[in-house]
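Side chains included, hydrogens not; waters and symmetry mates left out as well; all remaining heavy atoms used. Residue numbers run from 1 in the order of the sequence given.
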Amino acid sequence: QVQLVESGGGSVQAGGSLRLSCTVSNYTYSGNCMAWFRQAPGKEREGVAAIYTGGTSTYYVDSVKGRFTISQDSAKNTVFLQMANLSPTDTAMYYCAADRRVGICRSFASASRIFTHWGQGTQVTVSS
């Protein structure tokens, strides 16, 4: 059974930083699209960033460009989301997702419904 386990969430003040991790098991890590999504209470789930695990391509939504960085450690089957200069609007449950259809990486933000594998999420709370 494929497992995606997120960690690293927590509570920080505005302007602070957090690094989220997503470790994949029982899955061929290389050659996939892996992405971070988030969902705030009462809001739709939205894409944050994505990475092609078989190369170096990364993708971001405009609201996090310059503040968030997605990266990977392929030796550990782990994807990271480094978040800096956080604001209360970043408060949400953050989810990691994976899919073998690498073509969806470029349009990941509008493809959340078709990602195959999901983690349970990690909460990020930013106070003002």
| Under the salt bridge (Lys or Arg N to Asp or Glu O under 4.0 Å) rule, what pairs show up with a residue in residues 115-128, not counting sequence neighbours? | none
| In the hydrophobic cluster built from side-chain contacts under 4.5 Å, what are the other members alongside V102? | Y52
| message | With disulfide (SG to SG under 2.5 Å) as the rule and sequence neighbours excluded, what pairs involving residues 49-122 come up? | response | C22-C96, C33-C105
Partner set under side-chain hydrogen bond (donor to acceptor under 3.5 Å, both in side chains) for [X], not counting sequence neighbours:
X    : answer
Q120 : none
E46  : R38
T122 : none
Y95  : none

Please tabulate, one pair per line, all N/O donor-acceptor pairs under 3.5 Å involving side-chain atoms of residues 74-86, not counting sequence neighbours.
{"from": "T78", "atom 1": "OG1", "to": "T23", "atom 2": "OG1", "distance (Å)": "2.9"}
{"from": "T78", "atom 1": "OG1", "to": "K76", "atom 2": "O", "distance (Å)": "2.7"}

Side-chain polar contacts of residues 109-119 - donor-acceptor pairs under 3.5 angstrom, sequence neighbours left out - could you list them?
{"from": "S110", "atom 1": "OG", "to": "S107", "atom 2": "O", "distance (Å)": "3.1"}
{"from": "T116", "atom 1": "OG1", "to": "D99", "atom 2": "OD2", "distance (Å)": "2.6"}
{"from": "W118", "atom 1": "NE1", "to": "F115", "atom 2": "O", "distance (Å)": "3.1"}

| note | Scanning both residues in full, the closest heavy-atom pair of A40 with A92 reads N-CB, 3.8 Å
| message | Restricting to non-hydrogen atoms, name the atom on F37 and the atom on G47 that form the minimum distance, rounded to 0.1 Å. | response | CD2-CA, 3.4 Å
| task | Look up atom OH in Y94 and atom CH2 in W36, then write down how far apart they are to the nearest 0.5 Å. | result | 10.0 Å
| query | If you round to the nearest 0.5 Å, how far is CE of M34 from CD1 of I51? | reply | 9.0 Å
Compile the donor-acceptor pairs under 3.5 Å between side chains in residues 56-66 and protein atoms, sequence neighbours left out, one pair per line.
{"from": "Y60", "atom 1": "OH", "to": "I70", "atom 2": "N", "distance (Å)": "2.9"}
{"from": "D62", "atom 1": "OD1", "to": "K65", "atom 2": "NZ", "distance (Å)": "3.1"}

| said: Run the side chain to side chain contact (heavy atoms under 4.5 Å, CB included) test against S87 and tell me which residues pass, sequence neighbours left out. | reply: T89, D90
| message | Treating T53 as the side-chain partner and Y29 as the backbone partner, does any N or O pair qualify as donor plus acceptor under 3.5 Å? | response | yes
| Same cluster or not: are V48 and V5 linked, directly or through other Ile, Leu, Val, Met, Phe, Trp or Tyr residues, by side-chain heavy atoms under 4.5 angstrom apart? | no
| Are Q123 and T91 close enough, and set up right, to give a side-chain contact (heavy atoms from CB on, under 4.5 Å), and what steps lead you there? | CA-CA 8 Å; Q123 178 68 38; T91 295; 4.1 Å; yes
All N/O donor-acceptor pairs, side-chain side in residues 10-18, below 3.5 Å, sequence neighbours left out:
none

| task | Could you tell me whether R101 atom CZ has more than 12 heavy atoms of other residues or ligands within 6.0 Å of it? | result | yes
